[in-house]
Amino acid sequence: MRAYSFTAVLVLSLLLMLSMHTWAFDPEDRVKDVMILSTTPDYDPVRYESAMITADVWRELGMDVTVRPLDFHRLIADTRDEPYDFDAFTLGWSGRIERLDPDMFLYSLFHSSQAMPGGNNRYGFMHDEYDRLVEQQRTEMDIDARQQLVYEAQDILAEEIPKLTLFFRDEIQAYNHENFEGFLVMPGEGINNEWTPMKIEPLGDQRMLRIASTEDLDTLNPLAATTVWDWKNLRLIYDKLVRISPEIEPLPWAAESWEITDDVVIDVTLRPDMKFHDGYPVRTEDVSFTFNYMMEWGVPYFDAFLGPLESVEAVDESVIRFTLKEPYAPFLTNTLGQIPILPEHIWENVVEDYDLDHPEQWDNPTAIGSGPFAFNYWRRGEELRMDTFEDYFEPASIDGILHIVYGHAEAVLGALEMNQADMNAWRFEPLHIAEVERMDHMTVTEAPDIGFYYLGFNLRRPPFSDKAFREAISYAVDYELIIEALLQGYGQAGAAGMVIAPGNEFWNNPDLPRQFLDVDEARYRLEEAGYRWDDDGYMYYPE
Amino acid sequence: MRKYIVRRLVQMIIGLFLVASVTFLMFRLLPGDPTASLLDPAFTVEIRETIIERFGLNEPLHIQYINYLQNLVQGDFGRSFYYRRPSVEVLGDKIWNTLILMLSSMIIAYSIGVIGGMILSWKRGSKIEWGGITLGLFLRSAPMFWTGMLLIMLFAFNLGWLPHSGMRTPGYEAATTFAKFFSVDFLRHLLLPMITASLYFLGTPLLIMRNTMLETHGEDYIELSRAKGLSEWRIMILHAGRNALLPVITAGALFLGQALGGQVVVEYVFGWPGLGREIVLSAQRHDYPVAQTAFLFLAFMVMLMNLVADLFYSYLDPRVKLK
């Protein structure tokens with residue numbers, strides 16, 4: 001009897017152990033169907049190949065990974081809207097100049113209020129302490145105190161890792177040094193920044209700066225403009241109260257000075273004796289009209305910059321008073337530094353005169369502004385011509401600018417080679433850099449990008465809902481290979497959670513930890529977190 | 001005859017209505033939504049909704065459809081989501097550029113093709129025929145980007161005779177609209193893309209012409225003409241050629257209808273600001289109004305050219321009676 005029960009216990013416990021063993025590797029627990037969304041290879045090979053290279057490393061770790069290439073707009077929509085059916089995705093943010101201010105990358109991308117369908121917090125990142133910090137940096141008008149808050153926010157992102165930055169591209173461009181000298185290089189902008197045409201000196205007979213681009217602008221109407229190409233040109237035709245200096249500091253420009261009386265009232269003194277291109281004087285009323293007009297009609301592109309404004313009024317002939325609803329730190333660089341001054345006498349009746357629903361629908365065929373260059377003509381798909389405005393307070397030395405559209409990157413290269421263009425509008429394809437370096441009449445310039453390419457995670461579901469998993473995975477990305485193979489080496493490796501580029505020197509937190517490919521380290525960290533592998537090498541979730 | 005034209009026009013209107021409906025649905029069934037391209041990705045949720053409302057995309061589909069048809073009947077083709085301008089203007093900007101390139105290439109391709117085809121069939125079995133057919137097939141199968149790039153390499157970069165990109169020299173100021181399109185500068189820019197396109201188009205009329213001409217060889221009226229002692233050239237062109245022309249006319253008319261939509265490849269290689277790229281971009285951007293207008297326009301052109309071809313038939317071949 002006793003022997004019988006002993007055997008029974010033995011058999012039972014053996015059975016239990018066996019079942020424990022098989023239960024330990026329940027197929028349900030496998031880390032499987034991990035899905036990386038990416039663009040199609042023909043839309044952007046870099047994003048697609050980055051995803052493929054990463055998927056290979058993850059497979060080595062025993063994960064079951066699928067890369068799904070999607071049409072770009074579908075990718076945007078699918079990562080932004082429910083049901084959020086993905087685990088990771090590769091996307092990028094372009095380094096537009098207003099993004100030098102850290103607010104957009106820190107607040108709009110990661111604040112919990114943006115983690116709803118249609119919002120930009122695609123990760124579903126929720127962090128109370130982080131929310132508090134990015135709200136605070138928004139209203140902190142003291143720049144050093146703000147820098148501290150921005151640093152701390154970056155620390156949290158590096159620790160929580162809602163995304164991995166894969167790389168920051170180098171902006172390689174070139175100009176013809178036999179025709180012009182004195183080009184300025186700016187982070188994120190390269191040489192095609194707003195200062196280059198204002199500052200360069202012609203060296204010979206070529207006095208028109210010819211910029212070769214593969215892209216045309218889409219509109220001359222500042223209320224409808226959204227692309228980099230629209231703004232790179234419109235900001236030369238239209239003047240701004242503040243411009244961002246080559247050293248990336250807010251510089252009073254059409255404004256002579258500003259005075260922040262308390263954090264929410266800013267008095268801006270207008271530079272005297274400025275003129276619009278049609279000869280009308282630039283008055284303080286034009287400035288207040290511009291801001292009020294845009295607030296009244298709603299301009300999506302400027303919404304973030306106009307949102308904090310309570311009122312704008314022309315106090316007298318030289319002073320405009322801006323009143324804010326609450327302190328807004330990017331006010332100088334973004335609100336004053338991005339919004340163009342419109343002539344009231346042209347815009348006030350546009351909607352009635354042309355029978356429009358919204359002023360953004362107007363063609364603005366003659367584009368009268370008060371900027372350093374006056375609009376001459378625009379042949380869509382061909383070229384835009386602007387001439388130096390001689391009545392400007394600091395007229396440029398060159399005669400004007402031609403923004404010339406070419407069909408593709410090879411044609412741009414050909415135009416530079418044959419002295420049909422003086423500079424390119426945008427960075428070279430990595431493969432073209434060696435070719436342009438061989439051209440004797442060209443000088444190659446290099447600027448760090450402030451935008452970045454990244455691998456975002458879906459924190460709403462396993463496996464990326466687990467912070468330890470994300471930490472381990474930050475060592476399972478081949479940053480070097482991606483830069484070497486896809487960018488021909490012209491880029492800087494990213495890091496876990498990094499959104500403020502090292503090129504953005506003032507705001508980048510230099511103490512963030514950097515990762516590199518180390519599959520053993522990743523495996524070790526996963527093991528520490530309780531992840532397991534079966535005999536075939538498949539990875540399982542912790543028990 | 002007049003009855004026939006009226007009937008065809010009524011058919012065309014019905015056809016266009018169908019095309020308008022199908023394209024309306026088709027673009028809305030595409031994955032991804034227009035807001036993705038309409039909106040800067042940095043926009044907040046509220047702005048996105050305002051914009052969606054501004055374009056009437058918040059309405060249920062059937063209301064959008066009815067609105068679209070109503071506007072269409074009144075001649076309003078809608079405003080581009082992307083450019084915020086009327087879609088007709090967006091396409092109108094580019095249509096002349098396309099028209100000039102396509103018409104000139106077509107005239108060259110079809111004149112050479114038709115005459116070449118006649119000669120090939122007349123020289124049946126000779127080395128000329130063999131060489132001509134091979135050349136025709138070769139040109140027809142050589143991709144345009146390849147021929148285009150070869151021509152650019154040779155004439156623009158190596159010899160430096162012709163420009164490699166665009167329609168006009170940068171900074172060129174034309175005194176009049178006429179000079180914009182008929183200056184030496186413009187013609188120099190037109191030459192390479194036109195040659196590239198016409199080389200590619202050449203194969204179709206050449207081979208069709210040859211094939212249909214072959215059928216006329218044994219016909220009684222050819223024998224009769226010979227018996228009358230007419231010259232071979234006269235027989236070939238005026239008698240056999242005229243009768244063999246019909247299929248080429250159909251092919252040409254249909255081709256022209258489509259070609260007006262632009263040729264993306266030529267436009268890309270030569271940086272020619274034509275309709276083709278605009279249409280591709282509008283589909284990529286989910287810019288419904290522009291894409292729909294473009295498709296409607298193309299459908300209209302194909303139908304119209306078909307009608308023209310049919311009318312031309314009765315002129316060329318009196319046996320064809322239109323009822």
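Labels below follow one simple rule: chain letters A, B, ... track the order of the sequence lines, proteins then strands, and each chain is numbered from 1.
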request  = With a 4.5 Å cut-off on heavy-atom pairs, point out which of A/Asp218, A/Asp357, A/Leu402, A/Ile404 contacts chain B the most.
outcome  = A/Asp218

inquiry  = I'd like to know if the side chain of A/His408 reaches the main chain of B/Val269, judged simply by a donor and an acceptor atom lying under 3.5 Å from each other, with no hydrogens or angles considered.
reply    = yes

note = Most heavy-atom pairs under 4.5 Å with chain B, out of A/Arg385, A/Glu410, A/Arg210, belong to A/Arg385

ask   = With only heavy atoms counted, which part of B/Glu89 is less than 4.5 Å from chain A, the side chain, the backbone, both or neither?
value = side chain

ask   = When rounded to the nearest 0.5 angstrom, what is the spacing between CZ in B/Arg277 and CG in A/Asp216?
value = 10.0 Å

message = Within a 6.0 Å radius of atom CZ on B/Phe255, are there more than 12 heavy atoms belonging to other residues, nucleotides or ligands?
response = yes

ask   = When you look at CH2 of A/Trp297, are more than 12 heavy atoms from neighbouring residues, nucleotides or ligands closer to it than 6.0 Å?
value = yes

ask   = Which atoms of A/Tyr377 come close to chain B, meaning under 4.5 Å heavy atom to heavy atom: side chain ones, backbone ones, both, or neither?
value = side chain

ask   = Which residue out of B/Gly160, B/Gly171, B/Gly166 racks up the most heavy-atom pairs below 4.5 Å with chain A?
value = B/Gly171

message = For a quick test of reading the model, state the closest non-hydrogen atom pair linking A/Glu383 to B/Thr169 and the distance between them.
response = OE2-O, 4.4 Å

request  = Give the member of A/Ala304, A/Gly400, A/Ala225, A/Gly414 that has the highest number of heavy-atom pairs under 4.5 Å with chain B.
outcome  = A/Gly414

Most chain B-contacting option - heavy-atom pairs closer than 4.5 Å, from A/Gln420, A/Glu417, A/Glu382 = A/Glu382

key: Heavy-atom pair of closest approach, residues A/Gly407 and B/Ser165   = N-OG, 4.2 Å

ask   = When rounded to the nearest 0.5 angstrom, what distance separates OH in A/Tyr406 from NE2 in B/His164?
value = 5.0 Å

task = Pick one of side chain, backbone, both or neither for A/Met208, based on which atoms fall under 4.5 Å of a heavy atom in chain B.
result = neither

ask   = Picking from A/Arg379, A/Gln114, A/Met418, A/Met116, which has the most non-hydrogen pairs under 4.5 angstrom with chain B?
value = A/Arg379

request  = Heavy atoms only, distances under 4.5 angstrom: which of A/Asp363, A/Leu109, A/Thr219 has the most pairs with chain B? Name it, please.
outcome  = A/Asp363

remark   = Heavy-atom nearest pair, B/Arg54 first then A/Gly298, reads NH2-O, 3.5 Å

ask   = For A/Thr214, is it the side chain, the backbone, both, or neither that has a heavy atom closer than 4.5 Å to a heavy atom of chain B?
value = neither

key: Interface moiety of A/Leu356 toward chain B, non-hydrogen atoms closer than 4.5 Å   = side chain

task = Can you establish whether the number of heavy atoms outside B/Gln64 located under 6.0 Å from its atom CD is more than 12?
result = yes

